[in-house]
Structures are given as C-alpha cells and as structure tokens.
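Below is one structure, written out as structure tokens; comments come after it.
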There are 2 protein chains.
Amino acid sequence: MSTEEITGKLTEKGLKVTPQRMAIYEAIVKLKNHPTAENISEYIRKNHPNISVGTVYKVLDVFAENRLIQKVKTEKDVMRYDAIVENHHHIYCSDSDRIEDYFDNELNDLLETYFKKKKIPDFKVEDIKLQIIGKYIQNNETLT
Amino acid sequence: MSTEEITGKLTEKGLKVTPQRMAIYEAIVKLKNHPTAENISEYIRKNHPNISVGTVYKVLDVFAENRLIQKVKTEKDVMRYDAIVENHHHIYCSDSDRIEDYFDNELNDLLETYFKKKKIPDFKVEDIKLQIIGKYIQNNETLT
DNA sequence: TTCTCAAAGGATAATTATTATCCTTTAAAA
DNA sequence: TTTTAAAGGATAATAATTATCCTTTGAGAA
C-alpha cells in the first residue's frame, strides 16, 4: 500500500496525517497473523524508534473507531488487529495463536439469504462473522 | 440445575466436589448475559462471602479446560463465560455489552454441509461459531 | 510563508483483569 | 480415622491497556 493511499484513507476520515499514524497503518498491513499492539510497536521501532507504546494504542483505537482497521476477538487477554475491514471471517488454529483471514462470497451470500428468511425476533443483524476453529495439517508424513 | 446434577458433572470429569466449585457453577448457570469473573464473584459473595477472587479465576479455568463451561470472545479486555457448551452461536449487541445465545440446528446443518463440500486447504475444521452482530429493537414506539 | 491552536504524541504513572506464590485446608480414597 | 494430593485463601506480581499532563505538530487561516 502506497503512502498516498494511506494518506487518502486518513484524510477521508478527517484524521490528521502524522508520521506515527502512517507507520502504524503500514505495520498492520504488513504484519501477518493479526498483530497485537506489541507486535506493531516492535515492528515500527526499527524505522521509528521513538514512537511510544501509548501512541500505538491510541492510534489503533482511533483507527478502529474509524473503521480503518478492526479488532479481532480472541480467548486470550491480548487484543489483535486486522487491516482488512471488508466482510470476511477468521480461521483460528486451536493449538497455536495463528489466525487467518477467510474470504468466501458464496458463504456470505448463503448466510445473507438464510438470515433474510429466518429472522431473529426484535433484532436487526448488522454483520455476521464466522470463527472457524480447527487445526492446520502439515503434509509432512512423507518426510522424516 | 440441582446439586446432584452439578456434583455429577464434576465427578464425571474427575474433579473434586467443593462448596466453592458448586457455588461458582451455580452462579454461571444462573447469571444471564455471559458473566465475567467479577460478576460471578459478586454473585456468590451473597451466600459465600469468603470465596476469594483468585479461586473464582482458578475454578473458571478448570471448568473451561474440562469443557464444563466455555470462554466467550469479546472485543473488550474482560473474559466472559458461558454455562452452555452445546453447539450454539452468539448474538452480540453492537451498542451494549449484551451477549445472547443463539441456537439453530438448521443453521448448523447448513454450515456442516457447506464445509463438507467446500474444504479449506490443509485445515481440519473442528468447530464453527457465528458472531451475529447487530441491534435489539425495542418496540416501545407506542409507549411514551 | 507565518501564525494559531486543537489535535496528536511522548513519557510516565495508574488501572484493571488476571496469574502466580505459598502456606493452609479439605475432599475422598485407603 | 488417616493420609495426601488437590484445592482454596490471602496477597503479591504481572501484563495489557488507559489516563495524565505537558510538549509538539499538522493543517487551515491570515
């Protein structure tokens, strides 16, 4: 993602463009596996050694409020962040902290259709997210 | 849920039956809206004023490990707990901390069928949970 | 370009939920 | 009844996050 694109996203939301925000946004995009605030801090420290941890948290909050990123729910007590805000789901590995994005428009359509038919009383559905929990299988059986 | 039933659940898992565990299990069952450890502490304090907070956390962890209860993922930094371990989903209210259970076997079948057909490469699905996010609508318009 | 100032950042302290420690108590099997 | 590993209580420690408060800066106005 280019500097201009990020600048665009920020100004679009009426947010000041600062080097800190640029660096943090870039970091979330670049870091895979839905980084924590600490992952992000560590990553940006390489090129911006003087961005404080507090700032990282503040910026992440501002971004989440403005739907530039989203928070990812986990069973652990660390928050994780996702640069992708388009409708998608998450694959949780049940024996590691790996979290992958899962895109599936066919599934989205299926769910939309389903909940259009099957209403939940007194409730207006805004969004549906799947947590797909399971295990990654290494095909290492042929190796020793 | 009766004392005998709870005792049964504990012994079934090879867990010692203690007054603390009984009280905590009862509390989770009784408290709606997926209580936090603090909600539970507060609740049991009425009848068991000397159960310490540490014990509540320890017991909740033991219960979760033994699948007597489950942890509920939220975007906040407090863990919440659910006495229901059967396959079900959660409805998250987007403007309060309300979390409701959602049971729907038709939906479960639909998802099972779908993921039987549509494999995720190198991944074995163990469980699928929906987070249904939206708003409860009060029908108070006729009232003033 | 310079000025202005609300918004943003830095450093640090404070908070909050949770976990660890360590000694005491107790459930439950012998 | 005895035994003992497991469980609980009190308290301290940890770790993630939030608040504070002063300084700096982005960006619009002059």
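Fair warning: this is a prediction, and the values are worked out from it, not measured in the lab.
A salt bridge links Asp61(A) to Lys71(A): at least one charged side-chain nitrogen sits closer than 4.0 Å to a carboxylate oxygen.
Using a 4.0 Å heavy-atom distance criterion, Val59(A) is classed as a sugar-phosphate-only contact.
Taking the screw axis at each terminus of the helix from dT1(C)-dA30(D) to dA30(C)-dT1(D) from five consecutive base pairs, the angle between the two is 40° to within rounding of 10 degrees.
Residue His90(B) holds its NE2 atom at 9.5 Å from CD of Glu100(B), rounded to the nearest 0.5 Å. From Leu130(A), atom CG reaches atom NE2 of His88(A) across 11.5 Å, with rounding to the nearest 0.5 Å. From Leu31(B), atom CG reaches atom CD of Glu26(B) across 11.0 Å, with rounding to the nearest 0.5 Å.
Taking only side-chain nitrogens and oxygens, Tyr57(A) comes nearer than 4.0 Å to OP1 or OP2 of dT17(D). Side-chain N/O atoms of Gln20(A) include one lying less than 4.0 angstrom from OP1 or OP2 on dG10(C).
You'll find that the side chain of Pro19(A) is closest to dG26(D), out of dG8(D), dG26(D), dG9(C). Checking dA11(C), dT17(D), dG9(D) against the side-chain heavy atoms of Ser52(B) singles out dG9(D) as nearest. With dT18(C), dG10(C), dG8(D) as the choices, the nucleotide that has an atom nearest any side-chain atom of Arg21(B) turns out to be dG8(D). When distances run from any side-chain atom of Thr18(A) to the nucleotides dT19(C), dA8(C), dG9(D), the shortest one goes to dA8(C). For Val17(B), counting side-chain heavy atoms from C-beta on, the closest listed nucleotide (dA28(C), dC22(C), dA17(C)) is dA28(C).
Linking ILVMFWY side-chain heavy atoms closer than 4.5 Å, directly or via other members, places Val29(B) and Ile51(B) in a single hydrophobic cluster.
At most 12 heavy atoms of other shown residues, nucleotides or ligands fall within 6.0 angstrom of atom CD in Glu38(A).
Between the CD1 atom of Ile40(B) and the P atom of dT18(C) there is a distance of 10 Å, given to the nearest Å. Rounded to whole Å, atom P of dA8(C) lies 15 Å from atom CE of Met22(A). Atom pair Leu10(A):CG and dT25(D):C1' shows a separation of 15 Å (rounding to whole Å applied). Separating the NZ atom of Lys73(B) from the P atom of dA17(C) is a distance of 21 Å, rounded to the nearest angstrom. Going from atom CD of Glu38(B) over to atom C1' of dT19(C) covers 16 Å, rounded to whole Å. Atom C1' of nucleotide dT18(C) and atom OH of Tyr81(B) are separated by 8 Å, given to the nearest angstrom. Atom NZ of Lys76(A) is separated from atom C1' of dT14(D) by 16 Å (rounded to the nearest Å). Note: CZ (Phe63(B)) to P (dG8(D)) measures 8 Å, nearest angstrom.
Looking at which nucleotide of DNA chain C each of Leu15(B) and Gly14(A) is closest to, the 5′-most match is held by Gly14(A). Along DNA chain D, the nucleotide closest to Lys16(A) and the one closest to Val53(B) are compared, and the more 5′ of them pairs with Val53(B).
With hydrogens and angles ignored, the 3.5 Å screen pairs a side-chain donor or acceptor of Arg80(B) with a backbone N or O of Asn33(B).
Classified by interplanar angle (parallel below 30°, tilted 30° to 60°, perpendicular above 60°), the ring pair Tyr102(B)/Phe115(A) is tilted.
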